[in-house]
Amino acid sequence: MNGHERAAVKSRTRLATIEDLAPAEETLTVAFMDYPWTRWVIPEDDYAKRLRRLQGLYLRHALRHGVVFVTQGHAGAAALLPPDAADPSKSTMEQIIALHGERIGRLTDSPSAARAWTLETLGVRPSHRGRGLGSALIAHALRDVSRRGAKEVRLETSDARNVRLYERHGFQVTGCTDSDGGPTVWAMKLRLAESEQRRSG
């Protein structure tokens with residue numbers, strides 16, 4: 001992808017509104033259809049329907065308490081939450097528990113950091129991968145939360161290819177966990193001030 005193409009992709013990334021949630025939900029559903037972690041924590045019975053409903057719940061919570069980004073045509077979507085984001089409502093938590101069913105015990109609480117934003121999800125439709133949309137979403141999100149005062153962004157991923165993608169944006173692996181029978185999960189973080197200094201240098 002040349003500089004002109006990268007600029008075009010960047011210009012097509014924006015903050016989402018309530019009207020974007022349904023197509024973003026669909027995008028994240030197909031993006032995570034074969035993702036190791038979701039395959040591990042969501043029952044096989046009605047997997048796709050459960051996954052879509054969970055994505056919808058998470059997106060609505062992020063739009064209310066954090067930020068959601070989409071690319072043109074909703075081919076990609078991402079959501080981040082600030083460190084002081086409210087917990088999901090009781091009704092939302094009941095739905096999340098029900099959708100995970102007997103696999104709810106496979107979910108683990110991630111350690112929180114006082115000043116860290118969390119990249120909760122980022123996905124691109126398989127038909128649009130390789131066009132720089134993931135990188136555009138990451139870059140746009142980092143600029144946006146930096147303007148909102150974020151000092152650090154954290155994330156977790158269970159796909160080694162994602163580790164390499166995030167490393168290209170300055171994230172560093174801080175831990176690696178192997179669940180009992182589940183996928184490997186990499187924890188990563190990025191200190192935004194340091195990242196900005198590297199880009200300006």
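Basis for what follows: all heavy atoms, side chains included, without hydrogens, waters or symmetry-related copies.
Ala62 meets the side chain to side chain contact (heavy atoms under 4.5 Å, CB included) test with Val68, Ala79, Leu81; sequence neighbours excluded. For Thr38, the side-chain hydrogen bond (donor to acceptor under 3.5 Å, both in side chains) criterion is met by Tyr47, not counting sequence neighbours. When the side chain to side chain contact (heavy atoms under 4.5 Å, CB included) test is applied to Arg50, the partners found at least two apart in sequence or on another chain are Ile42, Pro43, Asp45, Asp46, Leu99. The salt bridge (charged side-chain N to carboxylate O under 4.0 Å, His left out) search around Arg125 returns none, not counting sequence neighbours. Residues meeting the salt bridge (charged side-chain N to carboxylate O under 4.0 Å, His left out) test with Glu120, sequence neighbours left out: none. With sequence neighbours excluded, no residue satisfies salt bridge (charged side-chain N to carboxylate O under 4.0 Å, His left out) with Asp87. For the side chain to side chain contact (heavy atoms under 4.5 Å, CB included) test, residues two or more places apart in sequence or in another chain that qualify with Arg129 are Ala31, Val124, Pro126. Applying the salt bridge (charged side-chain N to carboxylate O under 4.0 Å, His left out) criterion to Arg39, with sequence neighbours excluded, gives Asp34, Glu44. Remark: Thr174 pairs with no residue by the side-chain hydrogen bond (donor to acceptor under 3.5 Å, both in side chains) rule, at least two apart or across chains. For the side chain to side chain contact (heavy atoms under 4.5 Å, CB included) test, residues two or more places apart in sequence or in another chain that qualify with Ala160 are Arg164, Trp186. Partners of Tyr35 by ring-ring contact (aromatic ring centres under 6.0 Å, His included), not counting sequence neighbours, listed by chain and number: Phe32.
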Practice item. Mind running side chain to side chain contact (heavy atoms under 4.5 Å, CB included) on Trp117 and Leu192 for me, showing each step along the way? Key: CA-CA 10 Å; Trp117 280 65; Leu192 286 170; over 6 Å; no
Point to revise | Residues His100, Ile96; criterion side chain to side chain contact (heavy atoms under 4.5 Å, CB included); working and verdict | key: CA-CA 6 Å; His100 283 287; Ile96 291 172; 3.6 Å; yes
Exercise for review: May I have the step-by-step check of side chain to side chain contact (heavy atoms under 4.5 Å, CB included) for Trp37 and Glu156, ending in yes or no?
Suggested key: CA-CA 10 Å; Trp37 181 251; Glu156 291 184 345; over 6 Å; no
Practice item. Could you walk me through whether Leu122 and Tyr166 pass the side chain to side chain contact (heavy atoms under 4.5 Å, CB included) test, one step at a time? Key: CA-CA 11 Å; Leu122 186 150; Tyr166 291 122; 3.8 Å; yes
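Both Val41 and Val185 are members of a single hydrophobic cluster when ILVMFWY side chains are connected at heavy-atom separations under 4.5 Å. Residues Trp40 and Leu51 share a single hydrophobic cluster, defined by chaining ILVMFWY side chains whose heavy atoms lie under 4.5 Å apart. Grouping the Ile, Leu, Val, Met, Phe, Trp and Tyr side chains by contacts below 4.5 angstrom, directly or via other members, places Leu133 apart from Val70.
Counting non-hydrogen atoms of neighbouring residues, nucleotides and ligands closer than 6.0 angstrom, the CZ atom of Arg53 reaches no more than 12 such neighbours.
The shortest non-hydrogen separation linking Gly123 to Thr27 is O-CG2, 4.1 Å.
Each ring pair (Phe, Tyr, Trp, His ring centres under 6.0 Å) pair with one or both residues in residues 64-89, not counting sequence neighbours, appears once here: His61-His65, Phe69-His140.
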